[in-house]
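See below for the structure under consideration.
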Amino acid sequence: MAISDRMLRMHNCVGITLKNDGFKGELYTCFENEPRTFNDVYGFFNIVNAFLDALEFPAQKIKYRAFKKTLPTMELVDIDPNEKLFDTEKLLELCKRKAYIIMVTARDNATWQGMVYSKSEDKEYSFNSEVELIRILNK
């Protein structure tokens with residue numbers, strides 16, 4: 001089973017390569033030539049959320065609010081959504097070792113829903129929350 005046509009067409013896919021020691025790795029997008037590195041789950045979610053916010057797709061259904069002013073902790077991603085450098089299929093070539101392609105289809109109820117393609121298993125999974133996504137990635 002190859003990666004689905006839907007994932008190949010979408011511009012909001014990210015490719016990740018996980019290292020063997022903990023939840024560390026590299027994250028690739030179709031809009032940047034160099035990967036971004038993350039050292040934990042929080043860093044991973046931070047980068048992907050910032051990427052999805054820069055694309056404005058999928059839109060967040062709930063905005064986080066606070067009673068006091070705080071500085072944003074989210075890393076900013078400076079990309080032009082109209083300047084895609086390469087296709088999603090190239091993400092598979094860039095990702096090595098334990099690699100996945102992740103497509104977030106919705107951000108409802110302050111959580112993610114979407115699909116994951118495992119390169120090593122050549123299999124697609126769907127997820128309905130960040131917890132399910134982490135379980136799939138840690139198999």
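For the pair Lys24/Asp40, no side-chain contact is recorded, criterion being any heavy-atom separation below 4.5 Å from C-beta on. Side-chain contact between Thr17 and Tyr28: present, with at least one pair of heavy atoms (C-beta onward) separated by less than 4.5 Å. At a threshold of 4.5 Å between non-hydrogen side-chain atoms, the residues Ile3 and Leu8 count as touching. For the pair Leu94 and Pro35, the minimum side-chain heavy-atom distance is 4.5 Å or more.
Without hydrogens or angle criteria, Lys119 side chain to Cys95 main chain gives a donor-acceptor distance under 3.5 Å. Remark: the backbone N or O of Leu27 is not paired with any side-chain donor or acceptor of Arg36 at under 3.5 angstrom. In this structure a side-chain-to-backbone donor-acceptor pair under 3.5 Å is missing from Asp87 to Lys90. Without hydrogens or angle criteria, Ser118 side chain to Glu124 main chain gives no donor-acceptor distance under 3.5 Å.
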Could you please spell out the steps behind the side-chain hydrogen bond (donor to acceptor under 3.5 Å, both in side chains) verdict for Tyr125 and Glu121?
CA-CA 11 Å; Tyr125 300 93; Glu121 297 176 42; 2.3 Å; yes
Under the side-chain contact (heavy atoms from CB on, under 4.5 Å) rule, what do Phe86 and Asn33 come out as? Steps first, then yes or no, please.
CA-CA 9 Å; Phe86 46 83; Asn33 286 320; 4.1 Å; yes
Under the criterion ring-ring contact (aromatic ring centres under 6.0 Å, His included), I'd like the reasoning laid out for Phe38 against Phe23: C-alpha separation, chi angles, the key distance, then a yes or no.
CA-CA 8 Å; Phe38 56 91; Phe23 200 85; 5.7 Å; yes
Does the pair Glu26 and Ile16 meet the rule for a side-chain contact (heavy atoms from CB on, under 4.5 Å), with working shown?
CA-CA 6 Å; Glu26 297 175 332; Ile16 65 165; over 6 Å; no
Kindly determine whether Thr111 and Glu130 satisfy side-chain hydrogen bond (donor to acceptor under 3.5 Å, both in side chains), including the steps that lead there.
CA-CA 6 Å; Thr111 190; Glu130 285 102 337; 2.3 Å; yes
Determine whether Leu133 and Ile102 satisfy the following criterion, side-chain contact (heavy atoms from CB on, under 4.5 Å), listing intermediate values before the conclusion.
CA-CA 9 Å; Leu133 174 61; Ile102 300 169; 4.2 Å; yes
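A pairwise comparison of heavy atoms in Glu83 and Phe31 identifies O-CD2, 3.6 Å as the closest pair. Nearest heavy-atom pair across Met7 and Ile101 is CE-O, 3.3 Å. Taking both residues in full, the closest heavy atoms of Gly15 and Leu91 are given as N-CD1, 3.9 Å, listed atom of the first, atom of the second, then distance. Of all the heavy atoms in Met10 and Phe57, the pair that sits closest is CE-CE2, 3.4 Å. Minimum heavy-atom separation, Leu137 to Leu18: O-CD1, 3.7 Å.
Taken from OG in Ser120 to NZ in Lys98, the straight-line distance is 7.5 Å, to the nearest 0.5 Å. Note: Thr37 OG1 to Lys19 NZ = 7.0 Å, rounded to the nearest 0.5 Å. For the atom pair OH (Tyr117) and OH (Tyr100), the distance works out to 11.5 Å, reported to the nearest 0.5 Å. Between the CE atom of Met115 and the SG atom of Cys13 there is a distance of 9.0 Å, given to the nearest 0.5 Å.
Atom CG of Asn20 has 12 or fewer neighbouring heavy atoms from other residues, nucleotides or ligands inside a 6.0 Å radius.
Side-chain contact of Thr105 with Gln113: a donor-acceptor pair under 3.5 Å is absent, judged by distance alone.
With hydrophobic clusters built from ILVMFWY side chains whose heavy atoms lie under 4.5 angstrom apart, Val131 does not share a cluster with Phe44. Residues Ile134 and Val14 are members of one and the same hydrophobic cluster, defined by side-chain heavy-atom contacts under 4.5 angstrom among Ile, Leu, Val, Met, Phe, Trp and Tyr.
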